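Below: one structure, written as structure tokens.
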Number of protein chains: 2
Amino acid sequence: MANRVTLDDIARKVGVSKTLVSLVLNGKAEQFGISRKTCERVFQVVKELNYRPNQTARSLRTGKTGTIGLVVSDISNAFYAQMARIFEDLAAAQGHSVIICSTDEDAEKEQRLITVLRNRQVDGLVVSTSQREVSWLLSINKYDTPIVLIDRHLGDNVLAAVVAANRTGGALLARHLKEQGYRHPLVLGLSTSLISSVAERIDGFVDEFKKHGVTCVIHAVGFNSLQSDVDALFANLKALPVKPDCIFAVNNNVATAALQSISARGIRVPIQLGLVCFDDLPYFSIINPGITAVEQPISQMCRKAFELLHQQISGNIDRSNVSIYEIPVKLNIRESSLKKFS
Amino acid sequence: MANRVTLDDIARKVGVSKTLVSLVLNGKAEQFGISRKTCERVFQVVKELNYRPNQTARSLRTGKTGTIGLVVSDISNAFYAQMARIFEDLAAAQGHSVIICSTDEDAEKEQRLITVLRNRQVDGLVVSTSQREVSWLLSINKYDTPIVLIDRHLGDNVLAAVVAANRTGGALLARHLKEQGYRHPLVLGLSTSLISSVAERIDGFVDEFKKHGVTCVIHAVGFNSLQSDVDALFANLKALPVKPDCIFAVNNNVATAALQSISARGIRVPIQLGLVCFDDLPYFSIINPGITAVEQPISQMCRKAFELLHQQISGNIDRSNVSIYEIPVKLNIRESSLKKFS
DNA sequence: CAATAATACTAAATCGATTTAGATTTTTGC
DNA sequence: GCAAAAATCTAAATCGATTTAGTATTATTG
């Protein structure tokens, strides 16, 4: 075996105790008054034998694994994939690793996955939760593993959370549509709309239209039957009491499904139908018409979440006094909602 | 702490040894002739105290962490994000977890990341490698950690690898373009074209055209300067000795960058310029024109790679006799290459 | 020069599981 | 009723690191 080299092997070869080797390798040589010469011999042998510390053993002793768990609904979704990459980089900068889990918006599956992560002794969790009540996560956070919520929160002052300005973003989209002359908005939501992010996007959107006396129709589609639900809706668009003149897709998946239907049916955007989306994707600016979207500040959200998690892990923060951090969003106006000018 | 419950706690409360508790929990009760009654009491107390085994301790003793490392160039790329999701599911089905690392096509970074993963005692590695020679990975695989390459291989009979039928896919695209009447193909490759997948795609493409006396122009762009390199190319298209009438993007990133340029310059596809891509994306079938693409069998590739890895991990296979598995691809013809009919 | 301090190092305990080797107790056969 | 066999269970070693509580040895000081 290339690496059955242990601390003992180093110690034996150098002719010192493994305590000393450990101290040297952990940079505590100075503190423990270990002579420069000895240090050098240790480093030399470490290099010679190509010693690599067994992280498992270290974790058992220290109680720290240098691993964080990232729990999202689906890592293959572009939004969470980007998030994963950013967390990976943030973690790697500290020599930490990330284990990623996809819940498919299933609260029970989420609990199973989090249990696995806890058994693996992750130092902390970043969770885009599908839970509907806070108690379970709260007790974990309180007694065991630090948790920071991302993208979705579970109400005030219970668990630290970093979210996009969902309500504001929804309102921005609504105001824009209204200014463009759209009057019959249809909100394409998810049947899991209890999750805070989607709910607030919809609230912000609906409230803004309501201010001007316009009522929104809300239609929910299933996370696991997205395309077929959306297709079914489009097949019956004309049968609706009021035929919508624009659509608000609450996330990038919904928007893509809608675009699929729109494309298949040859519906003309933005004339026949306006389209806006919460969450921006690279291809939205490539296609014709470009899709008006609210861009989420993923990088900022991740950095803040990571910072909060680290404060909790290192115990530099009072875990009972937590806040929801809301990061501003940006409206990218493109042709899909420009009724006036088309 | 919610979970400072250890095997000892269970043993003490039940009034047996921790050996027994461990045996019971690992399903070895029968084998060791432990009475039904005792088992039941153990299970009851385990549930009562909400015992969760410490995976770190278990890993140290058994030498198995139940973790595999997935090393790719960038997890936020749709292709690898999908891959990650599939591996996650495959691993989860066996109670295993996945740690994901992004190398940015940097061979040294890849080595650093793999070293971290090995220190974490991962049971195996699935790597879409950026290495240019096989020796380093080979020695790891031989003496230490099982490795299966995915998407890219490093030559015959050195490391198990699962790849798409890259050469065939390239040829399929070339034949199609030729049949459509395109005669001046430009290959948009990557400066990291030494990697087998890209190289073979290009080879297959170029060879097919050569059969019919057509020479391809090959233009490489940088992984870290994709958009600007592509933009620069498009700015000078006319200045090229032969103006291309179609473009072959060697992967989805390159295609998206090309589309960005195409869209910005108002180039008309497929009339002015045909476009095909190796690697299919959901949005390729939504936009107008749809993008002709070779679809990679990601799921099959992942399943095969996972199977191979598991054979290696469980020692059911001779590690020195390895093969490259090539999985068939599928050509999805869309409007972006239909010169004839447009 | 003895007492004290500083320097350089180490033995052994520990983290929480698994596993080996063996110890009891009970049952069975004759 | 007693040895052998079967049925249950356990003590202790182990994985490979970190950390606590020291121990020698040498240098300094009054």
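When reading the values below, keep in mind they use all heavy atoms of this one structure, side chains included, and skip hydrogens, waters and symmetry mates. Bear in mind the structure is a predicted one, so any value in this text is a computation, not a measurement. In what follows, chains carry the letters A, B, and so on, assigned in the order in which the sequence lines appear, proteins first and then strands, with residues in each chain numbered from 1.
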Test item: [X] and [Y] side chains (from C-beta on) under 4.5 Å apart, heavy atoms:
| X | Y | value |
| --- | --- | --- |
| B:M83 | B:I86 | no |
| A:I100 | A:Y80 | no |
| A:V116 | A:I99 | no |
| A:V98 | A:T67 | no |
| A:L7 | A:L25 | yes |

Under 4.0 angstrom, heavy atoms only, what part of the nucleic acid is A:T38 near: base, sugar-phosphate, or nothing?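 A:T38: backbone/sugar contact only, no base atoms under 4.0 Å.
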Whole-Å distance separating the [atom1] atom of [X] from the [atom2] atom of [N]:
| X | N | atom1 | atom2 | result |
| --- | --- | --- | --- | --- |
| A:D8 | D:dA17 | CG | P | 8 Å |
| A:R4 | D:dT14 | CZ | P | 16 Å |
| A:R58 | C:dT14 | CZ | C1' | 16 Å |
| A:N54 | D:dT18 | CG | C1' | 13 Å |
| A:Q31 | C:dA8 | CD | P | 15 Å |
| B:R36 | D:dC9 | CZ | C1' | 17 Å |
| A:Y51 | D:dG16 | OH | P | 10 Å |
| B:I34 | C:dT25 | CD1 | P | 17 Å |

Indicate the atoms forming the closest heavy-atom contact of B:Q55 with A:Q121, along with that distance. N-OE1, 4.3 Å
Does a side-chain N or O of A:K28 approach OP1 or OP2 of D:dT19 to a distance below 4.0 Å, or not? yes
May I ask you to evaluate whether A:S35 reaches the phosphate of C:dC9, defined as a side-chain N or O under 4.0 Å from OP1 or OP2?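 So the side chain of A:S35 is within the cut-off, an N or O lying under 4.0 Å from OP1 or OP2 of C:dC9.
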Show, in sequence, the C-alpha distance, side-chain angles and deciding distance for A:R120 and B:S97, and conclude whether the side chain to side chain donor-acceptor pair (under 3.5 Å) test is met. CA-CA 9 Å; A:R120 288 182 181 283; B:S97 299; 2.8 Å; yes
hbond_proxy B:R61 side chain to D:dT14 base (donor-acceptor, 3.5 Å cutoff): yes
[X] with [Y]: basic N within carboxylate O range, under 4.0 Å:
| X | Y | answer |
| --- | --- | --- |
| A:D8 | A:K13 | no |
| B:E105 | B:R152 | yes |
| B:K304 | B:E307 | yes |

With side-chain contact (heavy atoms from CB on, under 4.5 Å) as the test, pick out the partner of A:I313 among A:D123, A:L308, A:T145.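 Exactly one candidate clears the test, A:D123.
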Global bending angle along the helix from C:dC1-D:dG30 to C:dC30-D:dG1, which compares the axes of five pairs at either end, to 10 degrees: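 Rounded value for the end-axis angle: 60°.
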What residues in residues 15-26 of chain B put a non-hydrogen atom under 4.0 Å from any atom of DNA chain D?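 Close to the strand are B:G15, B:V16, B:S17, B:T19, B:L20.
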Pick the nucleotide of DNA chain D nearest each of B:G33 and B:A57; which residue has the one closer to the 5' end?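 Mapping each residue to its closest nucleotide by heavy atoms, the 5'-most match is B:G33.
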Considering residues, nucleotides and ligands other than B:K109, do more than 12 of their heavy atoms fall under 6.0 Å from its NZ? yes
What's touching nucleotides 23-28 of chain D from the protein side, N or O pairs under 3.5 Å?
none

